[in-house]
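Just the heavy atoms: all of them, side chains too, but no hydrogens, waters or symmetry mates, feed the values below.
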Amino acid sequence: MKNIKNYTLLFAVGISFLSCKKDFNEVNTDPIGKSSTTANQLLAPALINVLSVNMSRNRSFNNELMQVTVDINDGEGRIFRYDVRRNVADQTWNVWYPELTNLRNIGTIASQPESLNKSYQAISKISEAWVFQLLTDVYGDVPYTQANQGKEGVLEPVFDKQKDIYLDLFKKLEEANTLLADGVAIIPTGDPLYQGDVSKWRRLGNSLYLRLLMRIAAKTDVSAQVIAKIKEMVDTNPAKYPIMQDNTHTAKILWNGTNSSTAVFSSPFMNTRAVDFRTPAITKFFMDNLTTWADPRIDTRFGRNNIGRWGIAQGPGGYIGVPSGYAAGSSVVKQAYFYSDAQVTNGITLQTDAYTGIIMNVAEVDFILAEAAAKGWINTTGETYYYKGIADAINYWLPSVFANPNDPLVKAYAVTADIDWDNNFPLNSTTAGAASKMELIHLQKYYAMFLVDFQQWLEYRRTGHPILPKGTGLENGGRMPARLNYPLISQSTNPTSYKAAVASQGADDINTLVWWQKP
């Protein structure tokens with residue numbers, strides 16, 4: 001009986017083996033039959049994946065830190081109280097680095113003789129610069145020169161110093177500007193940003209260049225060359241460095257099939273349950289400014305479906321916000337909040353708005369130039385760029401409010417709102433309520449960069465503006481976090497380089513200053 005059982009078992013194993021072997025080659029062959037891809041096919045998925053995680057973290061992290069929203073809760077890990085848990089650092093790192101492989105491969109493919117294309121080479125460099133800028137500004141020293149080289153056997157890449165990363169990003173953006181000067185065509189349907197308009201990609205690259213230059217301009221070891229480059233780009237040789245001039249140049253991915261291509265891209269906000277989307281309250285700081293200014297972005301006369309362009313719901317007392325950083329146990333009540341899609345019939349809320357996918361907008365460039373002018377680095381006083389920034393920021397959401405940036409209504413709006421430019425203001429002040437040119441510029445820049453990844457937080461870390469009220473319930477000694485810690489995966493998979501980075505940069509916690517923040 002035992003032999004019969006053994007025989008039966010062997011027979012079954014044999015049949016199983018033969019069944020697995022039958023059609024083995026066919027079932028393990030890719031039915032599509034493609035072993036390679038093109039630069040065009042890589043671009044859209046990589047950009048959308050990066051932008052999607054940026055929007056997710058903007059909503060859950062940046063907005064909580066920077067007093068846009070407050071997720072009312074007295075539990076632990078409340079970001080609006082500066083209580084930042086270590087796992088918050090993981091998501092962006094784990095998306096940005098894999099997508100950098102795809103963005104880099106765009107340039108590699110476009111450099112091959114059979115698919116040579118200067119524009120895709122440049123777009124690869126600009127996109128890499130965008131993502132690496134985020135990585136180094138959020139974490140500090142990060143893998144750069146050896147990053148994304150696992151196929152080449154580099155499994156434990158070194159962490160490059162932030163200064164070295166920045167200087168190399170400048171080289172990338174210079175090279176991209178030169179490559180795009182030839183205007184070589186790309187495939188419009190594969191470009192979710194500009195639908196094949198490479199001249200706009202060139203403007204994005206140079207505008208990103210200005211962002212990076214301004215971010216490190218205060219560092220004494222590079223400030224002279226940085227300020228000289230800003231002046232060259234704006235005053236001396238602007239034809240060589242075209243930058244964003246109006247909202248047609250704003251780098252954005254339009255959601256919901258409104259991007260003039262054959263693809264339909266859905267807003268990542270739609271991945272959030274409607275009830276969760278409307279849960280955070282809008283803060284007192286964010287709301288009070290808008291109501292004091294009678295800002296058209298919340299005015300129902302300018303918005304859609306009587307909810308305003310940003311879809312802000314009024315509380316029982318009107319447009320009232322919650323103080324951020326309130327003391328635990330204060331029993332605050334949510335009033336104003338952002339409508340969710342489920343609350344509006346046949347309308348557009350922030351959750352479904354096609355215009356939320358912003359990578360960089362022209363208003364940010366305006367305020368960069370206003371700051372440079374106010375500091376005497378470029379011609380003009382800063383007033384022209386300041387008013388242009390206000391107009392461009394509002395007109396992005398509401399194109400009909402101002403006829404153009406020179407519309408007299410822009411200054412009239414600013415005068416009525418008491419945010420008009422005054423050349424007699426001091427350059428800077430760190431006292432709440434005190435007027436200064438930097439506070440004027442950066443308060444408006446704060447609203448202009450609404451929804452743009454971590455930029456509000458990064459600019460606050462650089463400038464200390466806008467001056468945010470400090471609640472009594474803040475943790476971390478009331479200090480705004482200066483960075484995110486390195487993800488746990490970097491410690492476990494790259495321990496040698498991780499330890500070297502910590503030894504060089506400082507303790508791996510949220511209060512260690514990155515290079516451009518240090519005196």
Side-chain angles (χ1 to χ4, degrees), residues 66-69 282-303 308-310 312 314-315 317-324 335-336 361-375 380-450 456 459-460 463-471:
M66 290 303 297
Q67 298 195 21
V68 176
T69 58
I282 298 176
T283 67
K284 178 177 173 57
F285 175 79
F286 189 86
M287 200 74 259
D288 279 3
N289 286 322
L290 293 176
T291 54
T292 299
W293 303 336
D295 194 290
R297 287 166 289 197
I298 63 165
D299 194 322
T300 57
R301 293 173 301 169
F302 297 94
R309 189 62 171 93
W310 281 351
I312 297 175
Q314 299 186 58
Y319 289 120
I320 305 297
V322 170
S324 184
Q335 295 206 54
N361 59 39
V362 65
E364 180 184 345
V365 179
D366 296 332
F367 291 121
I368 289 171
L369 298 179
E371 180 179 348
K375 291 179 174 177
T380 79
T381 63
E383 180 176 8
T384 300
Y385 291 122
Y386 174 73
Y387 286 127
K388 183 176 184 297
I390 291 175
D392 285 336
I394 292 174
N395 274 3
Y396 176 78
W397 299 100
L398 298 160
S400 62
V401 172
F402 302 118
N404 56 65
N406 298 316
D407 188 333
L409 290 176
V410 181
K411 189 171 184 178
Y413 160 76
V415 170
T416 302
D418 197 23
I419 52 173
D420 50 311
W421 184 267
D422 190 333
N423 280 320
N424 294 318
F425 283 169
L427 179 63
N428 213 344
S429 172
T430 56
T431 303
S436 74
K437 293 173 183 175
M438 288 301 98
E439 179 65 10
L440 273 178
I441 290 168
H442 285 284
L443 182 57
Q444 293 304 313
K445 190 175 184 181
Y446 166 87
Y447 285 93
M449 294 191 301
F450 175 60
Q456 290 176 330
E459 282 296 270
Y460 181 87
T463 68
H465 294 286
I467 298 172
L468 300 173
K470 298 284 189 179

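L443 approaches P466 most closely through the heavy-atom pair CD1-CB, 3.8 Å. Taking all atoms of both residues into account, the shortest heavy-atom contact from N395 to L398 is OD1-O, 3.1 Å. The two residues N406 and N404 have their closest heavy-atom pair at N-OD1, 2.8 Å. What you find for A435 and S429 is that their closest heavy atoms are O-CB, 4.5 Å. Of all the heavy atoms in A448 and A393, the pair that sits closest is CB-CB, 3.8 Å.
No side-chain heavy atom of H465 sits less than 4.5 Å from a side-chain heavy atom of E459. In this structure, the side chains of Y387 and D420 come closer than 4.5 Å at one or more pairs of heavy atoms. Between D392 and N361 the shortest side-chain heavy-atom distance does not fall below 4.5 Å. Inter-residue side-chain proximity for P405 and V410 is flagged as unmet; no heavy-atom pair is nearer than 4.5 Å. Using a 4.5 Å cut-off on side-chain heavy atoms (C-beta onward), K388 and V362 make contact. F450 is not listed as a side-chain neighbour of R297, based on a closest heavy-atom distance of 4.5 Å or more. Within the 4.5 Å cutoff, side-chain heavy atoms of Q444 are placed close to those of W293. Residues M287 and L290 are in side-chain contact: their nearest non-hydrogen atoms beyond the backbone lie under 4.5 Å apart.
Remark: side-chain polar atoms of Y319 are not paired, donor with acceptor, to backbone N or O of Q335 under 3.5 angstrom. In this structure a side-chain-to-backbone donor-acceptor pair under 3.5 Å is missing from Y386 to K437. Using a distance-only test at 3.5 Å, with no hydrogens or angles considered, a donor-acceptor pair links the side chain of Q67 to the main chain of P469. Of the possible polar contacts, one joining the E439 side chain to the I467 backbone as a donor-acceptor pair under 3.5 Å is found.
Interatomic distance, K284 NZ to I320 CD1, rounded to the nearest 0.5 Å: 7.5 Å. Here NZ of K445 is found 10.5 Å from CG of D366. Values are rounded to the nearest 0.5 Å. Atom OG1 of T463 and atom CG of N428 lie 8.0 Å apart (nearest 0.5 Å). Rounded to the nearest 0.5 Å, atoms CD1 (I368) and CD1 (I441) are 11.0 Å apart. Rounding to the nearest 0.5 angstrom, the gap separating the CD1 atom in I394 from the OH atom in Y396 is 15.0 Å. Between T416 atom OG1 and K411 atom NZ the span is 12.0 Å, to the nearest 0.5 Å.
Within a 6.0 Å radius of NZ in K375, more than 12 heavy atoms belonging to other residues, nucleotides or ligands are found.
Side-chain contact annotation: Y413 with D295, donor-acceptor N/O pair under 3.5 Å present.
Under the 6.0 Å cut-off for aromatic ring centres, Y446 and F285 qualify, their centroids lying closer than that.
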